[in-house]
K.L.:
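I'd like to ask some things about the structure below.
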Amino acid sequence: MLKSVKRASGNSPLETVSSSLLSTVLEPPVEEGRLVVLDMGLAAPSTVRFFNQSKCRLHFTALIDSELDKYNREESSYAERVEQFSAALNLQSGIKIDIFLFWDLFCYLNKSAIDALMEVLSPFVHDASRAHSIGLLNARQQMPFYDYGVTSVDQLSQYPKTTFQPPVYVHSRRDLNSLLGCLSVDKSCLLADGRVENILLVNR
Amino acid sequence: MIGSGAKIEGKLISDEDLMIQGQVKGSVTAKANEVIVGVKGKLTADIQAKVVKVEGTVRGDITGSEKVIIAKTGNVVGNIRAPRVNLEDGAKFKGSIEMDPEDMTLSGLQAKSMPEPKTRPLDIDAKQVG
């Protein structure tokens, strides 16, 4: 299901929302070394503050803020999409990601694009990798347009975006699970404004 | 102080605090001091300093032995390595941030510093520039 929403411009203040599932992603300790986090958005000040006390490496890809249309083009081949995502993410080969913060990225990608994205990310997943994503409860809801960040283990920050919102794709949990490859939705919980948050864990 | 009309290409090394409002291509090193990239500053350069504050634009890697601050007007594309990193609301950053709160010494910075950028070696003493 595709929904297109035009968003008004203007700067709005930071808001916070409670999250029931974020702690599942953030709290399990890393046994040794550095925590590696991949955030698909631009760097949110709150996220950097949250991880400031940790020995960690944060990668901010800004993929959500890029021209997402190119990944959704029907005429693009699977190989082309994989190449585009690889170039955009530019991840160092060999690293393993502990935490993926997808935020609402999947809402702006069609099935073919998600499939290609997960192909690119699969080498960076390890047995204990976990991920957070945000989606729509159903196709009747409108997706609010935010930049997201982490405020605490049970709170998200959301910064209203002032750019044009891309078309929204609504994926059911079943659809998402069929596209996520090595990951699958473990739990979902309602958020405000008709959204759901998902915890993704590695398939065993 | 490097004024907004200045353009520097090469290696800029300083033993005192630096305020850059101009354009720099190459690298900026002030290991025991503070480097401020002012609102008008445009750097395509790697920066190494004790404290780095970015109010302007930087394309390059930033290493701060104490901390790195990206101000609300700052725009950085690159990798940051510092014990502490502060992003002010409105700051734009794309890249990776490596933080290690336990490793706050200058020797830590020197031991883990990023490779020297491949730029034409042109040493400039900041005292002469300011």
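In the text below, chain A, chain B and the rest are named by the order of the sequence lines, each starting its count at 1.
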K.L.:
Testing the basics here: between B/M99 and A/N52, what is the closest heavy-atom pair and its distance to 0.1 Å?
P.N.:
SD-OD1, 3.1 Å

K.L.:
What pairs with A/S112 under side-chain hydrogen bond (donor to acceptor under 3.5 Å, both in side chains), at least two apart in sequence or on another chain?
P.N.:
none

K.L.:
To the nearest 0.5 angstrom, please state how far the CG atom of A/D39 sits from the NZ atom of B/K94.
P.N.:
12.5 Å

K.L.:
Could you report the tightest heavy-atom contact between A/F60 and B/I97, atom names first, then the distance?
P.N.:
CE1-CD1, 3.8 Å

K.L.:
With sequence neighbours left out, what residues match B/D89 under side-chain hydrogen bond (donor to acceptor under 3.5 Å, both in side chains)?
P.N.:
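Counting only residues at least two positions away or on another chain, B/D89 forms no side-chain hydrogen bond (donor to acceptor under 3.5 Å, both in side chains).
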
K.L.:
So what's closer than 4.5 Å to chain B heavy atoms on A/T47: side chain, backbone, both or neither?
P.N.:
neither

K.L.:
Around atom NZ of A/K187, are there more than 12 heavy atoms from other residues, nucleotides or ligands closer than 6.0 Å?
P.N.:
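No, the 6.0 Å shell around NZ holds no more than 12 heavy atoms from other groups.
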
K.L.:
Should we count NZ of B/K72 as having more than 12 external heavy atoms under 6.0 Å?
P.N.:
no

K.L.:
What closest approach, in Å, do B/E88 and A/P45 show between heavy atoms, and which atom pair accounts for it?
P.N.:
O-CG, 3.7 Å

